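Some notes on the structure that comes next.
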Amino acid sequence: MIDWAKLRADFPILDQQVHGHPLVYFDNAASSQKPRAVINALSHYYERDNANVHRGIHELSNRATAAFEASRERVAKFIHAKTSDEIIFTRGTTEGINLVAQSWGAKNLKPGDKILLTEMEHHSNIVPWQLIAERTGARLVYLPVTGDEGLLDLSKLNELLTREVKLFAFTHISNSLGTVNPVAELCERARKLGVTTLVDAAQSAGHLPLDVQAIGCDFLVFSGHKICGPTGIGVLWGRQEVLDAMPPYHGGGEMILTVDFFKTTYKKAPHRFEAGTPDISGVIGLHAALDYLDAIGRENIFKHDQELATYAYDQLAQLKGVRLFGPKTGRAGLVSFLLDDVHAHDVVTVADQRGVALRGGHHCNQPLMKKLGIASTARASFYFYNTRAEVDRFIEVVRGIQKFFGS
Amino acid sequence: MSDDLDELYQQVILDHCKGPRNFRVLEGANRKGEGYNPLCGDNYTVFLKMNGDVVEDATFQGSGCCISKASASLLTDTIKGKTKAEVKALFAKVHDMITTGAVSDEGVGKLAVFAGVHKFPARVKCAILSWHAVIAAVDGENQPVSTE
Ligand SMILES: Cc1ncc(COP(=O)(O)O)c(C=O)c1O
């Protein structure tokens, strides 16, 4: 048995009052909170080991470098990469996708090629592709979403996933619908046609076990800050042979073998893609976060998230005048909803005054919102430190909001 | 509900957000302005009929939260009969009030109900959204406005 209450106590930030009420933090899909183990790893690094990596010969630099590279090994294990050379540290999911679009895309896309995305992508898995499409003459195509229930319309896949498609990029878990996509199946279909795949694991990495071999993708990206790690650090995983064939992304120190005034030769992956002094403390903090998550077990976390989300969904469904988004069953740990005649921002403002942190808006999914005919939703997103009692409190607050606005 | 909330969502505001005034396309409008908030996707179009420098009639269309809708509703009521200079002077006062909470002696009329917004920094933009549309409209040129 996992002692969830004991785990919750590892998060100092959760123990506070907001506007005179105990904090109920339900904005985990935007960013998770950090356990003491991660905060301690950061201060330990700055108090004991801080120095630049890969450059010094002195003791502190050696320690920093060892800790930095140990984290790379840890990440490789976390997602079952073949080697740690396949792990590139980025600033986050967004930078990982931009890196692939700019480096892989510039080299492999040409006029007439298609990039297949889905209608539920986050802006960060749309805009980088628009930028590279503009530069290369490739075109974007979208796999539709079925409507409020928020599933990918797989019946359209045959028609859309054709040989002109060079890259298929899709999210593992939708940040606004809570849909869990059949990533392994999508990758297999793509692989049969020789289509390169990218999985946006921003919402899944810290919530369920990830195995890039079993998924069968070519690239996978995620952010540290959503999975108990620090902000400003993220991971791009790519198959080694794919990475080694890619040109550099940024130029600078750390990524070179030799530099001449007019010509430079580059290191192999991962260092080729890590120009300049990296976010060393972030990388070290991420290591602590992954250790922390795996001590709990991501399969346990997923079960817990899912139970809370299902409970919240069912409770909301019992209220009058609530429109719910995302699948009825099998959803990930979040619920998006709208109250009749109450705008999401008004819901969030009132909830905040009651200590409940929600997110309201388009969730960086504007095209999806347009398709669903809405401007925004309110969203409650959960993590393992959240409780059923907090969901009860949230529902009580939602009832209060309905009463307040007389809907 | 807490006092701050009651101040934010005053009865007048709730009333205007549930039953917005001037919520229609204005036939014969000669000015139009848009206000868009990329953060939430809220957007309003304000239609004006101007006679020289004077706002003869004002209406709006669009969608958004309670605060932004009530603001557009009260605002289109308030600026009728005012000159361009008066509208701009009023905006300066209202802007000041919404960001600091201070209600100026000069009076902002019914718009004083938005003073409570200053305690909610994330909502200041909502209260000001339709103002941007109005300012764009009074600053614009006279031209037939398509009411499609
Ligand atoms: C599905 C998805 N993709 C990408 C991102 C972008 O992540 P980041 O802002 O950490 O780069 C997010 C988070 O906002 C997300 O939920």
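All figures in this text were calculated on a predicted structure; none of them were measured in a lab. In what follows, chains are A, B, ... by sequence order, proteins preceding strands, each numbered from 1.
Of the possible polar contacts, one joining the A:His362 side chain to the B:Pro38 backbone as a donor-acceptor pair under 3.5 Å is found.
The NE2 atom of A:His19 sits 8.5 Å away from atom CG of B:Leu5, with the distance rounded to the nearest 0.5 Å. The distance from atom OG of B:Ser68 to atom NE2 of A:His343, rounded to the nearest 0.5 Å, is 6.5 Å.
Atom CG of A:Leu319 sits in a crowded spot, with more than 12 heavy atoms from other residues, nucleotides or ligands closer than 6.0 Å. Sparse packing is recorded around CZ of A:Arg139, with 12 or fewer heavy atoms of other residues, nucleotides or ligands lying under 6.0 Å away. Atom CZ of A:Arg393 has more than 12 neighbouring heavy atoms from other residues, nucleotides or ligands inside a 6.0 Å radius. Around CD of A:Gln17, the count of heavy atoms belonging to other residues, nucleotides or ligands within 6.0 Å exceeds 12.
A heavy-atom distance below 4.5 Å is found between the side chains of A:Val350 and B:Tyr9.
In this structure B:Cys65 satisfies the disulfide bond (SG atoms under 2.5 Å apart) test with no other residue, sequence neighbours excluded. Partners of A:Arg359 according to the salt bridge (Lys or Arg N to Asp or Glu O under 4.0 Å) rule, which considers only residues two or more places apart in sequence or in another chain, do not exist here.
The pair B:Arg123-A:Asp346 meets the salt-bridge criterion, since a charged nitrogen lies less than 4.0 angstrom from a carboxylate oxygen.
Note on B:Ile67, B:Asp42, B:Asn43: by heavy-atom pairs under 4.5 Å with chain A, the leading option is B:Asp42.
Residues A:Gln353 and B:Phe120 share a closest heavy-atom pair of NE2-CE2, 3.1 Å.
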